[in-house]
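Because the structure is predicted, anything quoted here is derived from the model rather than measured. In what follows, chains carry the letters A, B, and so on, assigned in the order in which the sequence lines appear, proteins first and then strands, with residues in each chain numbered from 1.
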Amino acid sequence: MDSRYDHQQHEDRISAKWTETQAFNPDTYLATRTGAKSFSVIMPPPNANDPLHIGHAMFVALEDILVRFHRMLGDDAVWIPGTDHAGIETQFVFEKKLKKDGKSRFQFDRNTLYQMIWDYVQENSDVAVNQLKKLGASADWSRFRFTLDPQVVAFVLQTFEKLHQRELVYRQWRQVNYCTRCGTSYSDLEVNHTEQVTSLVYVKYFFIDKPDEFLTVATTRPETIFADTHLAIHPDNPKTKNYAGRQVLNPLTGETMSILEDSFVDPEFGTGVVKITPAHDATDWEVGQRHHLEIRLALDTTGKITALGGDKYAGLKLAAARQQIIDDLTASGHIDTEKTNSKYVNRVGVCYRCGTVIEKIPLAQFFIKVRPLVEPVQAALSEGKTTIHGAGHDKILDHWLANLKDWNISRQIVWGIRLPVWYQLSNKKNKSLTLTYIDREQNRATRSLEGVLEQDKQHPGELETALKNLQQLSAPIEAEYVVSVEAPGDDYIQETDTFDTWFSSAQWPVVTLKTNKPGDFDRFYPTSVMETGYDILPFWVMRMLMMGVFLTDQVPFTDVYLHGLVRDQKGQKMSKSKGNVINPLAIIESYGADALRMALVIRSTAGLDKSVGEADFKAMRNFTNKLWNGARFVKNLAETAPAATSTLPQDEAFTQHLDEIITTVTQQLHDLKMGLAADTLYTEFWHWYCDECIESAKQGQLSPTVLVAGLDVFLKLLHPFAPFVTEAIWAELHPQTSELLVATPWPIAAQ
RNA sequence: GGACGGUUAGCUCAGUUGGUUAGAGCGCUUCGUUGACAUCGAAGAGGUCACAGGUUCGAGUCCUGUAUCGUCCACCA
């Protein structure tokens with residue numbers, strides 16, 4: 001053996017051996033499954049087109065430890081890998097790429113664009129998988145799934161159909177979160193809230209009956225004044241009480257606005273009078289619902305002022321319109337300029353992806369009723385069917401479940417699974433469907449269905465072109481639709497909206513098992529441990545619970561282990577702008593995958609963030625070297641020492657303590673205390689086995705045969721944590737056998 | 001405004017159901033290459049376990065409150 005462990009000489013070679021022997025496929029490694037307990041882990045699928053980051057290394061390390069442990073225990077253990085099409089993320093990245101080439105998504109019909117993104121993802125799809133293998137992930141690659149695999153898509157469509165049959169899906173014209181830059185709506189979860197400095201302007205609304213008197217209203221959104229229908233006051237506010245029922249003039253349109261009373265108004269804030277814009281503000285929308293107010297749109301989905309703005313403002317972009325309106329209102333004496341606070345800090349919703357301010361815009365979208373899905377989950381959790389491991393996140397989940405609102409699953413992007421919703425072309429109610437398509441002159445055209453049919457009469461083939469080169473379909477709320485996995489007939493056009501990626505992800509534990517090898521679902525469901533970052537608890541874990549219970553009447557997993565963020569050595573969040581991002585591949589290159597894994601896992605705890613830095617990787621690299629050299633010495637000792645004729649003084653104590661270690665580590669792993677188990681093994685191997693036991697053996701107090709047997713135990717216990725170096729040492733110690741360490745049984749304490 | 005976490009050695013963090021002199025890595029001091037490892041070994045310095053009460057034979061660990069940092073949620077124009 002070399003005097004140093006050189007990971008680069010071993011890792012790829014060992015990886016290949018594991019693959020050759022199909023060591024990770026339970027159909028292969030288990031001689032018999034009779035009586036074997038099932039242990040299944042579904043991998044959180046990384047984005048198919050992205051290289052892995054340090055967070056992925058964390059999940060690989062933790063999940064791999066569990067799977068290798070249970071495999072060695074003799075369980076029917078499987079870890080099902082996959083990659084995610086990551087709808088918005090991927091389309092966002094692809095559009096940036098298009099832009100670089102001087103193109104835009106609007107130049108392509110949706111089928112062409114979809115195919116282009118598909119090809120792009122295919123080009124990169126090996127990257128993630130190869131990196132997972134580099135990390136030592138003992139996943140069963142023969143069960144690999146991509147979220148857009150045809151079987152997966154088919155399953156997701158059936159789920160939607162099932163939800164529809166159970167009346168858990170509805171289409172409604174409702175205010176939704178809309179990113180004008182990404183061109184799609186979002187669910188509430190995709191909106192981040194951040195503080196922003198804007199101008200708070202005080203606008204005067206003059207009374208109709210007394211034209212020289214006015215009410216002052218503070219607003220940060222003067223550009224929506226076109227769509228204002230009312231002002232509101234609190235019914236019990238003495239300061240504003242006498243305004244009730246009076247009428248004022250809209251300062252921009254000159255229209256009559258009445259003053260209504262609603263207790264949502266905070267008498268203490270501003271002037272105690274609020275303008276109501278039902279279309280573009282969440283609170284105002286609700287006020288509008290309560291008081292049956294007309295909903296008028298001031299902004300469209302491109303972020304421009306609608307026709308409501310008249311010749312002067314229509315078509316202006318939001319920011320430009322805002323400034324123009326402030327200027328104009330100031331000029332016309334409608335703004336109390338002395339009161340203007342140009343540094344007003346307020347909270348706005350921004351797109352989690354691109355940071356653009358999210359607009360509230362009413363749109364016809366598909367929603368899922370969440371109450372009927374949530375309730376069985378709450379029941380299951382309170383019965384302890386699923387345990388959440390991770391610093392209070394169980395309570396956070398409870399809070400989410402209790403307050404969850406209906407889920408908008410429609411996205412106006414192409415990179416995803418298209419909703420199985422169909423509109424009949426000949427249906428009179430569907431005449432005003434709007435089709436955007438690339439016409440025969442390669443121009444982007446937007447026409448009503450009626451208009452397309454008209455065109456088709458004059459230029460036969462227009463309808464065919466429109467359907468074939470369709471970019472986007474926009475159906476009014478009164479349109480009639482059919483939900484069907486297959487096209488109901490030739491006379492139908494399919495909805496162009498795609499599912500929220502999380503809608504299909506929510507079914508991942510079910511779909512990966514149901515569309516895989518026959519019998520997998522019964523064999524592995526409910527899965528054992530769902531291990532993922534706490535940051536996607538509401539996005540993913542909660543929704544997997546909801547959809548899992550809906551589809552199977554069982555929770556999708558019995559335990560959830562939430563790991564924290566990986567931070568840098570100073571405890572700072574990693575970000576590209578700070579330049580403190582750690583590339584896991586670079587760490588593997590210099591220190592080895594084992595060192596990376598150990599550094600991430602050791603003393604990490606569920607639900608809490610973990611700091612790592614160069615010093616940690618180095619320390620754990622030293623540990624792999626320590627293992628190697630301890631083994632090197634012990635091997636040599638066993639080979640050269642004369643056969644023991646009797647037991648030595650330390651032999652019994654050694655065996656006893658070794659048993660304690662086995663018991664402790666085994667229990668820690670059963671309890672999902674991977675960080676603690678790694679720490680136990682590190683300390684026991686280095687400071688007990690090497691520092692004490694090897695030294696005892698040198699002094700003839702401990703038998704080499706006992707020592708070498710103990711080494712085997714350590715190699716097995718450490719294998720889940722540091723699979724490469726332990727496998728390499730195993731081969732050195734047991735040159736006569738072809739059995740790999742990965743396939744050996746877990747040690748059992750004598751007592 | 002609500003909720004949830006963190007606060008332990010110079011730094012980053014463990015501490016498994018309350019139980020003997022509170023641990024690790026890195027850093028620091030002194031010494032050491034006599035059968036593995038200098039990516040090493042030996043010895044050592046360094047902690048009122050945020051603070052204040054309480055429960056207990058016994059509290060880093062349980063309870064109450066305070067401070068502070070952080071995260072998530074929330075319709076304050």
Taking only residues two or more places apart in sequence, or in another chain, which ones meet [X] in a side chain to side chain contact (heavy atoms under 4.5 Å, CB included)?
{"X": "A/H53", "result": "A/H56"}
{"X": "A/N341", "result": "A/L200, A/K343, A/Y344"}
{"X": "A/F206", "result": "A/K204, A/F214, A/H334"}
{"X": "A/V370", "result": "A/V374, A/L404, A/D406, A/W407, A/M546"}

Summary of side-chain hydrogen bond (donor to acceptor under 3.5 Å, both in side chains) pairs that have at least one residue in residues 387-399 of chain A, sequence neighbours excluded: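 Matches after skipping sequence neighbours: A/H389-A/D559, A/H399-A/N403.
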
Would you please say whether a donor-acceptor pair under 3.5 Å links the side chains of [X] and [Y]?
{"X": "A/T666", "Y": "A/W746", "result": "yes"}
{"X": "A/H657", "Y": "A/E660", "result": "yes"}
{"X": "A/Q323", "Y": "A/E223", "result": "no"}

Can you tell me how far [atom2] of [N] sits from [atom1] of [X], to the nearest Å?
{"X": "A/L565", "N": "B/C69", "atom1": "CG", "atom2": "P", "answer": "20 Å"}
{"X": "A/Y689", "N": "B/C37", "atom1": "OH", "atom2": "P", "answer": "16 Å"}
{"X": "A/E684", "N": "B/A14", "atom1": "CD", "atom2": "C1'", "answer": "15 Å"}
{"X": "A/I694", "N": "B/A42", "atom1": "CD1", "atom2": "P", "answer": "12 Å"}
{"X": "A/H687", "N": "B/G41", "atom1": "NE2", "atom2": "C1'", "answer": "11 Å"}
{"X": "A/H670", "N": "B/U17", "atom1": "NE2", "atom2": "P", "answer": "17 Å"}
{"X": "A/D691", "N": "B/G41", "atom1": "CG", "atom2": "C1'", "answer": "8 Å"}
{"X": "A/I661", "N": "B/U16", "atom1": "CD1", "atom2": "P", "answer": "19 Å"}

N/O donor-acceptor pair, side chain A/E695 with base B/A36, under 3.5 angstrom: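 Check passes, donor-acceptor contact within cut-off.
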
Polar side-chain contact A/Q569-B/U12 base: donor and acceptor under 3.5 Å: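 No pair found.
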
Base-pair map of RNA chain B as dot-bracket, where | denotes pairing with a different strand and pairs are Watson-Crick or G-U under 3.5 Å: (((((((..((((.....[...)))).(((((.......))))).....(((((..]....))))))))))))....

Sugar-phosphate only, base, or nothing, as touched by A/D535 at under 4.0 Å among non-hydrogen atoms: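 Counting heavy atoms under 4.0 Å across all strands, no contact is made by A/D535.
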
Sugar-phosphate or base contact per nucleotide [nucleotides 71-77 of chain B; S, B, -; heavy atom under 4.0 Å]: --SBBBB

A/K405 with A/D188: basic N within carboxylate O range, under 4.0 Å: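 Between A/D188 and A/K405 there is no salt bridge, as every charged N stays at least 4.0 Å from the carboxylate O atoms.
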
Could you measure between the two [atom1] atoms, the one in [N] and the one in [M], and give it in whole Å?
{"N": "B/G19", "M": "B/G41", "atom1": "C1'", "answer": "34 Å"}
{"N": "B/G54", "M": "B/A59", "atom1": "C1'", "answer": "11 Å"}
{"N": "B/U29", "M": "B/G46", "atom1": "C1'", "answer": "11 Å"}
{"N": "B/G15", "M": "B/U7", "atom1": "C1'", "answer": "15 Å"}
{"N": "B/G27", "M": "B/C13", "atom1": "C1'", "answer": "15 Å"}
{"N": "B/C51", "M": "B/A67", "atom1": "P", "answer": "16 Å"}
{"N": "B/U48", "M": "B/U8", "atom1": "C1'", "answer": "12 Å"}
{"N": "B/G1", "M": "B/G58", "atom1": "C1'", "answer": "41 Å"}

A/R621 and A/V725: CA distance, side-chain angles, deciding distance, side-chain contact (heavy atoms from CB on, under 4.5 Å) verdict: CA-CA 10 Å; A/R621 187 275 317 267; A/V725 66; over 6 Å; no

All pairs passing salt bridge (charged side-chain N to carboxylate O under 4.0 Å, His left out) where residues 603-612 of chain A contributes a residue, at least two apart: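 The answer is A/R567-A/D609, A/R603-A/D679.
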
Proximity to the side chain of A/R603 - top-ranked nucleotide from B/U16, B/C37, B/A14: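 Nearest to the side chain of A/R603 among the choices is B/A14.
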
Partner residues of A/D336 under the salt bridge (Lys or Arg N to Asp or Glu O under 4.0 Å) criterion, sequence neighbours left out: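 Checked A/D336 against salt bridge (Lys or Arg N to Asp or Glu O under 4.0 Å); zero matches.
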
Interface residues of residues 607-633 of chain A with RNA chain B (non-hydrogen, below 4.0 angstrom):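 Result for residues 607-633 of chain A: A/L608, A/S611, A/A619, A/R621, A/N622, A/N625, A/K626, A/N629, A/G630, A/R632, A/F633, sorted by number.
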
Below 4.0 Å: OP1/OP2 of B/G25 and any side-chain N or O of A/W686: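 No, no such contact exists.
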
Which donor-acceptor pairs under 3.5 Å do the side chains of residues 270-277 of chain A make with protein atoms, sequence neighbours left out?
residue	atom	partner	partner atom	Å
A/T271	OG1	A/T216	O	2.5
A/T271	OG1	A/V273	N	3.4
A/K275	NZ	A/T224	OG1	2.7
A/K275	NZ	A/D228	OD1	3.1
A/K275	NZ	A/D228	OD2	3.2
A/K275	NZ	A/T277	OG1	3.1
A/T277	OG1	A/D228	OD1	2.6

Residue closer to the 5' end of RNA chain B, A/K673 versus A/K395 (nearest nucleotide):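 Looking at RNA chain B, the more 5' nearest nucleotide goes with A/K395.
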
Parallel, tilted or perpendicular, as decided by the 30° and 60° cut-offs, for the rings of A/Y689 and A/F685: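 Answer is parallel, since the angle falls under 30°.
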
A/F69 and A/H670 aromatic ring geometry - parallel, tilted or perpendicular at 30°/60° bounds: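 A/H670 vs A/F69 ring planes: perpendicular.
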
Pairs under 3.5 angstrom, nitrogen or oxygen only, protein versus nucleotides 19-22 of chain B, please.
none

Pair A/W688-A/F654, ring-ring contact (aromatic ring centres under 6.0 Å, His included): steps then yes or no: CA-CA 10 Å; A/W688 177 67; A/F654 177 90; 5.0 Å; yes

